[in-house]
S.K.: 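Structure incoming, see below.
The structure presented is a predicted model; accordingly, all values stated were derived computationally and were not measured.
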Amino acid sequence: MLRSAFKNHLIREDSLNIPASEAYKVLRTNIEFSNINASIQTIMIASTQKGEGKSVTSANLAATYAKSNKKVLLIDANLRNPLQHQIFNLSNSLGLSTLLSNQSELREITMVTDIKNLSVIPSGPLLANPPEALGSYRMLAFLEEAKQLYDIIIIDTPPILSVADAQIVAAQCDGVLLIVKAGKVSKEALTKAKAVLDLVGVKVMGAVLNNVNAKRAAFYSAY
């Protein structure tokens with residue numbers, strides 16, 4: 001897909017896609033009320049497999065939080081097939097991978113976007129050993145430093161059932177939001193993904209059903 005095609009999936013203040021904008025506001029509210037007894041600062045966005053809309057949802061949820069005057073950091077921790085630099089039209093020469101390999105500092109890889117309150121850390125160049133890098137002490141220290149600087153941190157990762165990367169990152173987050181593409185994911189795959197997340201003890205805050213047939217959804221909404 002072309003770079004501009006990904007960029008057009010980002011909902012902005014002047015966007016005419018009001019239903020989608022409202023849906024993301026509802027999602028933000030539901031997350032905030034998913035655990036009223038504990039603070040949720042780090043949220044991993046996950047899916048069972050590739051192509052379920054995880055990266056676009058991550059970007060728009062981050063933008064929606066930023067519009068509510070939260071200071072937001074979006075991290076592209078997909079060190080195998082990153083997309084956030086394309087969605088925000090940013091350079092990917094530096095990013096999480098260069099930080100984790102001790103080639104960069106946090107201030108060098110943090111990209112300011114044209115959305116107020118929203119900064120993005122792209123993935124950086126591909127690494128040969130993503131699981132080791134994401135599970136390193138450097139990653140833990142980086143997240144702790146970021147928590148001191150931002151109200152909300154949203155992390156985009158590879159699919160849960162493809163590689164171990166997402167499970168490793170999940171263990172470092174306050175909660176996980178599952179993205180499910182309508183008609184594509186089996187019940188067995190979802191059950192397996194939930195079991196993988198349970199192994200690391202992370203809270204699954206809920207699921208977003210993506211790519212729903214709008215006409216069918218409108219039909220059912222009348223009842």
S.K.: Which is it for D156 and S55 under the side-chain hydrogen bond (donor to acceptor under 3.5 Å, both in side chains) test, yes or no, and what are the steps along the way?
M.R.: CA-CA 6 Å; D156 186 9; S55 295; 2.6 Å; yes
S.K.: Are D114 and F88 close enough, and set up right, to give a side chain to side chain contact (heavy atoms under 4.5 Å, CB included), and what steps lead you there?
M.R.: CA-CA 9 Å; D114 57 359; F88 287 91; 5.6 Å; no
S.K.: Can you run down the side chain to side chain donor-acceptor pair (under 3.5 Å) pairs that involve residues 126-138, sequence neighbours left out, and say none if there aren't any?
M.R.: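 Sorted result for residues 126-138: N102-R138.
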S.K.: Linking I/L/V/M/F/W/Y whenever any side-chain heavy atoms sit under 4.5 Å apart, do I179 and V163 land together?
M.R.: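 Each belongs to a different hydrophobic cluster.
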S.K.: Work out which heavy atom in Q84 is nearest to a heavy atom in S58; give both atom names and the distance.
M.R.: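 What the structure gives for the nearest pair is NE2-CB, 3.8 Å.
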S.K.: Quick one: CE on M139 to CG on L99, what's the gap to the nearest 0.5 Å?
M.R.: 9.0 Å
S.K.: Just wondering, more than 12 heavy atoms not from K192 lying within 6.0 Å of its NZ?
M.R.: no
S.K.: Just by modelled atom types, is the V180 backbone N or O under 3.5 Å from a matching donor or acceptor in the N210 side chain?
M.R.: no
S.K.: Could you pull out the closest heavy-atom pair between S97 and G124, with the gap in Å?
M.R.: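 That closest heavy-atom pairing would be OG-C, 3.3 Å.
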S.K.: Any donor and acceptor pair, going by atom type alone, linking the side chain of E52 with main-chain N or O of Q49 inside 3.5 Å?
M.R.: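 Yes: the side chain of E52 pairs with the backbone of Q49.
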S.K.: Taking all atoms of both residues into account, what is the closest heavy-atom pair of A193 and T48, and its distance?
M.R.: CB-CG2, 3.7 Å
S.K.: Could you tell me which non-hydrogen atom of P125 sits nearest to which non-hydrogen atom of T98, and how far apart they are?
M.R.: CD-CG2, 3.8 Å
S.K.: Please determine whether side chain to side chain contact (heavy atoms under 4.5 Å, CB included) holds for the pair S91 and H85, giving the CA-CA distance in whole Å, both sets of side-chain angles, and the decisive distance to 0.1 Å.
M.R.: CA-CA 6 Å; S91 167; H85 66 289; over 6 Å; no
S.K.: Please confirm whether the backbone N or O of E105 pairs with a side-chain atom of E108, one donor and one acceptor, at under 3.5 Å?
M.R.: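 The answer is yes, because a donor-acceptor pair under 3.5 Å joins these two groups.
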S.K.: Any side-chain heavy atom of Q86 within less than 4.5 Å of one from L83?
M.R.: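 Counting from C-beta outward, Q86 and L83 do come under 4.5 Å.
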S.K.: Do S162 and K50 make a side-chain contact, defined as non-hydrogen atoms from C-beta onward lying under 4.5 Å apart?
M.R.: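 No. Closest side-chain heavy atoms not under 4.5 Å.
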S.K.: Quick one: are T57 and N60 in side-chain contact, heavy atoms under 4.5 Å?
M.R.: no
S.K.: Specify the closest pair of heavy atoms between C173 and V202, including all atoms of both residues, with the distance to one decimal.
M.R.: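 So the minimum-distance heavy-atom pair works out to O-CG2, 3.8 Å.
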S.K.: Going from CD1 on I121 to CG on L90, what distance comes out if it is rounded to the nearest 0.5 angstrom?
M.R.: 11.5 Å
S.K.: Are L127 and I155 connected, step by step, through hydrophobic side chains (Ile, Leu, Val, Met, Phe, Trp, Tyr) whose heavy atoms are closer than 4.5 Å?
M.R.: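 Shared cluster, yes.
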S.K.: Drop me the distance from E32's CD to M205's CE, to the nearest 0.5 angstrom.
M.R.: 10.5 Å
S.K.: Just how far is it from atom NZ of K187 to atom OG1 of T191, taken to the nearest 0.5 Å?
M.R.: 6.5 Å
S.K.: Taking side chain as C-beta onward, heavy atoms only, is I45 less than 4.5 Å from T157?
M.R.: no
S.K.: Could you state the interatomic distance from NZ (K194) to CG (L178), rounded to the nearest 0.5 Å?
M.R.: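 Result: 9.0 Å between the selected atoms.
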S.K.: Between I160 and L197, is there a side-chain heavy-atom distance shorter than 4.5 Å?
M.R.: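 In contact.
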S.K.: Given I43 and I31, is the side chain to side chain contact (heavy atoms under 4.5 Å, CB included) satisfied, shown in steps?
M.R.: CA-CA 9 Å; I43 303 170; I31 291 172; 3.8 Å; yes
S.K.: Please tell me whether Q103 and S101 have a donor and an acceptor in their side chains that are separated by less than 3.5 angstrom.
M.R.: yes
S.K.: Ignoring hydrogens, what is the shortest heavy-atom contact between K147 and I153? Give both atom names and the distance.
M.R.: N-CD1, 3.8 Å
S.K.: Could you go step by step and tell me if I152 and T42 meet the side chain to side chain contact (heavy atoms under 4.5 Å, CB included) rule?
M.R.: CA-CA 6 Å; I152 296 291; T42 49; over 6 Å; no
S.K.: Quick one: does NZ or CZ of K70 land under 6.0 Å from the six-membered ring centre of Y65, within 45 degrees of the ring axis?
M.R.: no
S.K.: Just verifying a value: how many Å separate T64 OG1 and R28 CZ, rounded to the nearest 0.5 Å?
M.R.: 6.5 Å
S.K.: So do Y150 and S119 actually touch side chain to side chain, heavy atoms under 4.5 Å?
M.R.: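 SC-SC contact between S119 and Y150 confirmed.
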S.K.: With heavy-atom distances below 4.5 Å as the criterion, would you say the side chains of D165 and V169 are in contact?
M.R.: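 D165 vs V169: side chains apart.
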S.K.: Do I154 and L177 come within less than 4.5 Å of each other through their side chains, counting heavy atoms only?
M.R.: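 No - every pair of side-chain heavy atoms lies 4.5 Å or more apart.
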S.K.: Check for me, please, whether L149 and L100 land in the same ILVMFWY cluster - side-chain distances under 4.5 Å, paths through other members count.
M.R.: yes
S.K.: Do L106 and L79 sit in the same hydrophobic cluster, where Ile, Leu, Val, Met, Phe, Trp and Tyr count as joined when their side-chain heavy atoms come under 4.5 Å apart?
M.R.: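 The answer is yes; both residues are in one hydrophobic cluster.
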S.K.: Is a side-chain donor or acceptor of K181 paired with a backbone partner of G53 at a separation under 3.5 angstrom?
M.R.: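 Not confirmed, K181 side chain does not pair with G53 backbone.
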S.K.: Give a yes or no on whether L199 and I168 share a hydrophobic cluster (residues Ile, Leu, Val, Met, Phe, Trp, Tyr; joining criterion: side-chain heavy atoms under 4.5 Å apart).
M.R.: no
S.K.: For residues Q41 and D174, is any side-chain donor paired with an opposing acceptor at under 3.5 Å?
M.R.: no
